[in-house]
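By convention here, the first residue in the shown sequence is residue 1. What you see below is based on every heavy atom in this structure, not just the backbone, and it leaves out hydrogens, waters and symmetry mates.
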Amino acid sequence: MTSALPSTTLSVDPAWIDEYGHMNAAHYVGIFDRVGFQLLREVGVGLDYTEATRCGIYTMNVHVAYLREVLAGDPLALRIRLLEADDKRLLCLMELMQTRDGYVAATMEQLSLHVDLETRRAKPFPPELAQRLARTVAEHAAQPLPPGYRRLLPLKPPR
């Protein structure tokens, strides 16, 4: 894997526009959830991993920051970075950018837990995947964070 952050492009569907004439908050979260999950394939924990292992990542906590509005038809890019990982947790930051004018429209931190879908219990990542996630965290740390970003979610709950 290269140090580039996994990303994809899309545009604001007019059906996502609310009564205020901009994209509704629920659709930001929907994009982060749906498209972000697709991007997680590039770091080893996407649907192909789940189908092969019957394990996946459950969202435990999210923090969304709505920074600037986007309008119908606006071109967007979503990118994901791994901030931190341990034996069974993964903390990601997703950035939704409006690409025509070059601004970050929203960010979402997401804390996920690795779960065995048969037992419905948390379980450690397989060693090879844990190593890959650790390498990816280190690679992504070399990329600049969005302007003004301040991390809010801890990887582990305070003791």
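Taking CE of Met60 as the reference point, atom CG of Leu153 lies at 10.5 Å (rounded to 0.5 Å). The structure places SG of Cys92 at 12.0 Å from CZ of Phe32, a figure rounded to the nearest 0.5 Å. In this structure, Leu133 CG and His140 NE2 are separated by 10.0 Å, a value rounded to the nearest 0.5 Å. Interatomic distance, CG of Leu76 versus OG1 of Thr9, reported as 9.0 Å (0.5 Å rounding). Between atom CG of residue Asp33 and atom CD of residue Gln38 there is a gap of 10.0 Å, rounded to the nearest 0.5 Å. Atom-to-atom distance recorded for Asp74:CG and Glu69:CD is 9.0 Å, nearest 0.5 angstrom.
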Legend entry - Verdict with supporting geometry, Phe37 and Gln110, side chain to side chain contact (heavy atoms under 4.5 Å, CB included): CA-CA 11 Å; Phe37 184 69; Gln110 178 175 309; over 6 Å; no
Legend entry - Evaluation steps, side chain to side chain contact (heavy atoms under 4.5 Å, CB included), between Asp86 and Leu155: CA-CA 8 Å; Asp86 69 7; Leu155 184 68; 3.8 Å; yes
Inset, instruction - Give the C-alpha distance, both sets of side-chain angles, the deciding distance and a yes or no for side chain to side chain contact (heavy atoms under 4.5 Å, CB included) between Ile80 and Leu5. - result: CA-CA 6 Å; Ile80 190 168; Leu5 299 174; over 6 Å; no
Inset, instruction - Start with the C-alpha distance between Met94 and Leu78, add both sets of side-chain angles, then the distance that settles side chain to side chain contact (heavy atoms under 4.5 Å, CB included), and finish with yes or no. - result: CA-CA 7 Å; Met94 292 180 241; Leu78 179 69; 4.1 Å; yes
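No single ILVMFWY cluster, assembled from side-chain heavy atoms under 4.5 Å apart, contains both Trp16 and Met97. There is no path of hydrophobic side-chain contacts, each under 4.5 Å, that joins Val45 to Leu93. Leu39 and Leu145 end up in different hydrophobic clusters when Ile, Leu, Val, Met, Phe, Trp and Tyr side chains are linked at under 4.5 Å. Criterion: ILVMFWY side-chain heavy atoms under 4.5 Å apart, direct or through other members. Under it, Tyr28 and Val104 are not part of a common hydrophobic cluster. Cluster annotation: Leu117 and Leu113 are assigned to the same hydrophobic cluster (Ile/Leu/Val/Met/Phe/Trp/Tyr, side-chain heavy-atom contacts under 4.5 Å, transitive).
Residues forming a side-chain contact (heavy atoms from CB on, under 4.5 Å) with Glu118 (at least two apart in sequence, or on another chain): Arg54, Asp116. Checked against side-chain contact (heavy atoms from CB on, under 4.5 Å), Thr53 has the following partners two or more places apart in sequence or in another chain: Tyr49, Cys55.
Considering only heavy atoms from C-beta on, Glu128 stays 4.5 Å or farther from Arg132 through its side chain.
Remark: the backbone N or O of Pro144 is paired with a side-chain donor or acceptor of Arg81 at under 3.5 angstrom. Glu109 contributes a side-chain N or O that, together with a main-chain N or O of Leu152, makes up a donor-acceptor pair within less than 3.5 Å.
Annotation: Arg121, atom CZ; neighbour count of heavy atoms from other residues, nucleotides and ligands within 6.0 Å does not exceed 12. The 12-atom threshold is exceeded at CZ of Arg151, counting heavy atoms of other residues, nucleotides or ligands nearer than 6.0 Å.
Residue Met23 forms a side-chain contact (heavy atoms from CB on, under 4.5 Å) with just one option from Asp18, Leu71, Ile31, and that option is Ile31.
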